[in-house]
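The structure appears right after this line, and notes come after that.
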Protein chains: 2
Amino acid sequence: MLTIGTLAKRTGTKVQTIRYYEQIGLMPEPGRTDGGQRRYGDAELDRLAFIRHSRQLGFPLDAIRELLDLSDAPDRPCHEADEIARRQLKLVEQRMERLKALHSELKRMVKECSGGNAAQCRVLEVLRDHSECLTEHDQIGA
Amino acid sequence: MLTIGTLAKRTGTKVQTIRYYEQIGLMPEPGRTDGGQRRYGDAELDRLAFIRHSRQLGFPLDAIRELLDLSDAPDRPCHEADEIARRQLKLVEQRMERLKALHSELKRMVKECSGGNAAQCRVLEVLRDHSECLTEHDQIGA
DNA sequence: TTACACCCTCTAGCTACTGTAGGTTCAAGT
DNA sequence: ACTTGAACCTACAGTAGCTAGAGGGTGTAA
């Protein structure tokens, strides 16, 4: 029987986060001691590890919920999981594209800064002047 | 004199977002008509464009605040702006590294899925088995 | 004057947690 | 049996950066 703290340590999760996952129904309500403290078994450890690994790969919690459902129903066809993973892959590729563009613009900004005062600063100038910019009016957050 | 909607259209910002920027002190309180509607001039347009461009480059609002302060004080030395930009560049580079790792793991997952049912699904298996994983216990969010 | 697009404030919601306050329980040592 | 102290509990607020909705007022052109 594992305490929540042990579970946290073993999976690299914060205790609060585990309670949060329980609250939103991603982790099941575990058994409790007479005093009301949570006690977990190995199934919960596995489930949490699955969640954390998925999060590390950038899957949103909703997607993880679907993946867990699939994982709990071994007879269902696999293509749903595949689709979710492909979607995530696409997202990652998009973000990489955006980051590449940002990277070159930032690099240019920094390279051209010669260290005078703000009036001549290339960094500020580039930020001011949108017309030199390669990136589009689209979503932010990289 | 520009309405908030015009400002929004010209900078690719939502009206709500402009009001939000005003609320947190990033945009100044503009003049108002007798009826209480906001009216802007060109200075505000420039300022908002600066903010949006900076956001597109991934700068957090706090950093943008500093950059705006610098931009308003042309005599201050430039290295602060340079430093902020370098910090941002570093962050972008870190994210790119992470994304690259995620990308290869996701690709592997997807490639190996042969389309059976959930019990044999490579995607789920990889998510379950942390030991095959290249990425570390570190921050998420890519 | 009458549409009607646009504007206003205020509040709540989003993701995925994280932190704090104030109190309780468990396990080990004496 | 008792005491200590780490770890646990609930509940609520806060983070970033917006976004959406309700319920109502304003500006302008026909």
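Chain A is the first sequence line, chain B the second, and so forth, proteins listed ahead of strands; every chain is numbered from 1.
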Original post:
Has the side chain of B:R52 got a donor or acceptor atom that lies under 3.5 Å from a matching backbone atom of B:R47?
Top reply: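 No, B:R52 side chain to B:R47 backbone: no donor-acceptor pair under 3.5 Å.
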Subject >> Any donor-acceptor N/O pair, A:H103 side chain to B:M96 backbone, under 3.5 Å >> reply: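 Flag not set: sc A:H103 to bb B:M96 has no pair under 3.5 Å.
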**OP:** Give a yes or no on whether A:D72 atom CG has more than 12 heavy-atom contacts from other residues, nucleotides or ligands under 6.0 Å away.
**Re:**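 Atom CG in A:D72 is packed in, count exceeds 12.
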Can you figure out which of [options] approaches the side chain of [X] most closely?
| X | options | value |
| --- | --- | --- |
| B:Q16 | D:dA20, C:dA16, C:dG19 | D:dA20 |
| B:P60 | C:dA27, D:dA20, D:dG17 | D:dG17 |
| A:R55 | C:dA16, C:dA27, D:dC18 | C:dA16 |
| B:L61 | D:dC9, C:dC17, D:dG17 | D:dG17 |
| A:T3 | D:dC8, C:dC8, D:dC18 | D:dC8 |
| B:V15 | C:dC7, C:dC17, D:dT19 | C:dC7 |
| A:R19 | D:dT10, C:dC26, C:dA16 | D:dT10 |
| B:K14 | C:dC17, D:dC18, D:dA20 | D:dA20 |

Restricting to non-hydrogen atoms, name the atom on [X] and the atom on [Y] that form the minimum distance, rounded to 0.1 Å.
| X | Y | result |
| --- | --- | --- |
| A:L102 | B:Q56 | CD2-O, 3.1 Å |
| A:L2 | A:R10 | CD2-NH2, 3.9 Å |
| B:R122 | B:M109 | CB-O, 4.2 Å |
| B:P77 | B:L70 | O-CD2, 4.1 Å |

Which whole-number value in Å describes the distance from [X] [atom1] to [N] [atom2]?
| X | N | atom1 | atom2 | answer |
| --- | --- | --- | --- | --- |
| A:I51 | C:dA16 | CD1 | P | 12 Å |
| B:R38 | C:dT9 | CZ | C1' | 9 Å |
| A:Q56 | C:dA16 | CD | C1' | 14 Å |
| A:R10 | D:dA7 | CZ | C1' | 16 Å |
| B:I4 | D:dT26 | CD1 | P | 17 Å |
| B:K9 | C:dA5 | NZ | P | 12 Å |

**OP:** Give one of base, sugar-phosphate or nothing for A:I24, where a contact means two heavy atoms less than 4.0 Å apart.
**Re:**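 Here A:I24 touches no strand at all.
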Subject >> Touch class at under 4.0 angstrom, heavy-atom based, for A:R32 against every strand present >> reply: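 Sugar-phosphate contact only - A:R32 comes under 4.0 Å of backbone atoms but never of a base.
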Original post:
For the side chain of B:Q37 and the base of D:dG27, is some donor closer than 3.5 Å to an acceptor across the two?
Top reply: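 Donor-acceptor pair under 3.5 Å: no.
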Subject >> Relative orientation of the end axes in the helix from C:dT1-D:dA30 to C:dT30-D:dA1, expressed as an angle to the nearest 10° (five pairs per end) >> reply: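 Nearest ten degrees gives 10° for this helix.
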**OP:** Would you kindly compare A:D34 and A:T17 by the position of their nearest DNA chain C nucleotide and give the one closer to the 5′ end?
**Re:**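 Going by which nucleotide is closer to the 5' end, it is A:T17.
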